[in-house]
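Here's the structure we're looking at; comments come further down.
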Amino acid sequence: MNLLEMNHIQKSFDGVQVLKDISLSVKQGEVLSIIGPSGSGKSTLLRCAAMLETIDGGEIRYLDRRAAWMENGKPAGPKGKEKKEIQSYFGLVFQSFNLFPHYSVIRNITDAPIHVQKRNKEEAYQEARSLLARMGLADKEDAYPYQLSGGQCQRVAIARALALNPKILFFDEPTSALDPELTGEVLKVIRSLADLDITMVIVTHEMEFARNISDRIIFMDKGLIEVQGTPDEVFQAEHTRMREFLGKIHQN
């Protein structure tokens with residue numbers, strides 16, 4: 001069974017169709033990267049999958065449970081407890097970190113497990129500390145976001161998403177707000193998650209990283225999936241727009 005299925009997804013903003021007819025599925029333990037030029041609909045697709053945007057057409061399922069669909073021409077979705085259960089299946093890491101500035105690092109990580117998932121406080125703190133150690137930030141639990149580098153903030157954001165034990169992690173351009181020297185440290189952490197068989201969907205502009213980490217890659221352009229397959233199949237595809245986009249990378 002697929003962990004995530006998106007069937008014939010459509011989405012428009014102000015009459016402009018951003019997603020035209022997108023279908024994809026993600027299996028347990030799979031790493032899927034989504035690449036493509038700016039404005040191709042990559043982040044919108046991720047936001048629809050994470051139920052942050054309503055869809056205008058199609059259907060989204062997690063473990064065969066409907067998360068979004070159309071009813072009488074209008075977007076519909078689960079309510080109450082069922083909605084919360086489905087939302088607990090995924091975690092989202094934004095390009096801008098979205099940490100609470102007035103919370104310490106450890107409180108940023110433990111807040112949702114304690115208050116949303118009603119987990120035991122001691123257990124949540126213990127797990128947060130082990131996640132921080134895995135992120136190379138064991139000494140930063142009492143620091144505040146303003147005291148950290150961008151790379152450190154992004155690693156805290158990843159720890160925060162993992163603390164909720166999601167079945168799938170979404171990354172929306174996780175390194176686009178970072179200096180090149182900080183990008184490497186975040187990519188290294190994401191790569192370590194792939195080694196743990198954590199299911200991930202990554203919107204990225206880091207082509208070499210996508211090539212090395214992904215089981216499958218999707219190339220989007222103008223709201224459609226134009227090329228998809230293994231990294232080798234995608235990077236070697238005889239597709240004009242794809243080759244244009246890859247430019248130098250394709251010749252390496």
Side-chain angles (χ1 to χ4, degrees), residues 1-95 161 164 166-174 198-205 210 214-231 233-234 237 239 241-242 245:
M1 187 191 292
N2 290 320
L3 198 67
L4 166 66
E5 267 182 56
M6 302 183 81
N7 300 314
H8 305 293
I9 302 301
Q10 296 177 36
K11 177 67 184 172
S12 297
F13 293 106
D14 301 325
V16 177
Q17 204 170 7
V18 178
L19 301 175
K20 292 173 182 168
D21 182 5
I22 299 272
S23 295
L24 62 86
S25 60
V26 183
K27 292 185 176 65
Q28 177 71 43
E30 188 172 31
V31 178
L32 172 70
S33 288
I34 303 175
I35 62 173
S38 293
S40 56
K42 308 182 299 294
S43 293
T44 301
L45 182 65
L46 213 57
R47 289 177 67 81
C48 288
M51 298 162 76
L52 294 171
E53 297 284 359
T54 53
I55 56 173
D56 298 331
E59 178 191 60
I60 300 172
R61 287 178 175 267
Y62 283 93
L63 293 170
D64 220 25
R65 293 176 72 178
R66 290 202 303 173
W69 62 91
M70 301 303 291
E71 222 166 76
N72 304 322
K74 288 185 179 165
K79 302 273 188 289
K81 190 178 167 216
E82 193 184 0
K83 183 179 182 180
K84 276 190 180 151
E85 272 177 27
I86 291 172
Q87 285 173 324
S88 75
Y89 289 162
F90 54 80
L92 186 59
V93 179
F94 300 88
Q95 50 187 290
L164 292 165
K167 296 183 185 303
I168 185 168
L169 263 186
F170 294 125
F171 291 89
D172 185 11
E173 303 251 12
I198 291 172
T199 311
M200 293 186 275
V201 177
I202 307 168
V203 168
T204 183
H205 59 281
S214 309
D215 297 298
R216 279 189 307 127
I217 294 179
I218 280 172
F219 170 70
M220 283 179 66
D221 190 34
K222 294 178 182 160
L224 291 166
I225 293 173
E226 292 289 355
V227 186
Q228 59 180 313
T230 64
E233 285 166 349
V234 169
H239 184 279
R241 190 71 188 91
M242 174 82 188
F245 170 70

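If you're wondering where the values come from, they're calculated on a predicted model, not measured in any experiment.
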Atom [atom1] in [X], atom [atom2] in [Y]: separation rounded to 0.5 Å?
{"X": "I22", "Y": "I55", "atom1": "CD1", "atom2": "CD1", "answer": "12.5 Å"}
{"X": "I225", "Y": "M6", "atom1": "CD1", "atom2": "CE", "answer": "9.0 Å"}
{"X": "I202", "Y": "S214", "atom1": "CD1", "atom2": "OG", "answer": "6.0 Å"}

Does some side-chain heavy atom of [Y] sit less than 4.5 Å from a side-chain heavy atom of [X]?
{"X": "F170", "Y": "L4", "answer": "yes"}
{"X": "F90", "Y": "V201", "answer": "no"}
{"X": "D221", "Y": "P37", "answer": "yes"}
{"X": "K11", "Y": "T54", "answer": "yes"}
{"X": "L92", "Y": "Q87", "answer": "no"}
{"X": "L63", "Y": "K167", "answer": "yes"}
{"X": "I218", "Y": "L45", "answer": "no"}

request  = With side-chain contact (heavy atoms from CB on, under 4.5 Å) as the test, would you mind laying out the steps for H239 and E226 before giving the verdict?
outcome  = CA-CA 8 Å; H239 184 279; E226 292 289 355; 3.5 Å; yes

Closer than 3.5 angstrom, by distance alone: can the side chain of [X] be matched with the main-chain N or O of [Y] as a donor-acceptor pair?
{"X": "D215", "Y": "E30", "result": "no"}
{"X": "K83", "Y": "G77", "result": "no"}
{"X": "K27", "Y": "T199", "result": "no"}
{"X": "N7", "Y": "G58", "result": "no"}
{"X": "S23", "Y": "H8", "result": "yes"}
{"X": "K42", "Y": "M220", "result": "no"}

ask   = According to the interplanar angle, ranging from 0 to 90°, do the rings of Y62 and Y89 count as parallel (below 30°), tilted (30 to 60°) or perpendicular (above 60°)?
value =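 The arrangement is tilted - the two ring planes meet at 30° to 60°.
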
Measure across [X] and [Y] and return the closest heavy-atom pair with its distance rounded to 0.1 Å.
{"X": "C48", "Y": "I60", "result": "O-CD1, 3.4 Å"}
{"X": "D56", "Y": "S12", "result": "OD2-N, 2.7 Å"}
{"X": "L46", "Y": "F171", "result": "CD2-O, 3.3 Å"}
{"X": "K20", "Y": "K222", "result": "NZ-O, 3.1 Å"}
{"X": "A210", "Y": "I217", "result": "O-CD1, 3.7 Å"}
{"X": "A67", "Y": "P78", "result": "O-CD, 3.1 Å"}

query = With the threshold set at 4.0 Å, does a side-chain nitrogen-carboxylate oxygen contact exist between E53 and R47?
reply =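 A salt bridge links E53 with R47.
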
message = Using side-chain contact (heavy atoms from CB on, under 4.5 Å), reason through R216 and L24 one step at a time and then give a plain yes or no.
response = CA-CA 11 Å; R216 279 189 307 127; L24 62 86; 5.6 Å; no

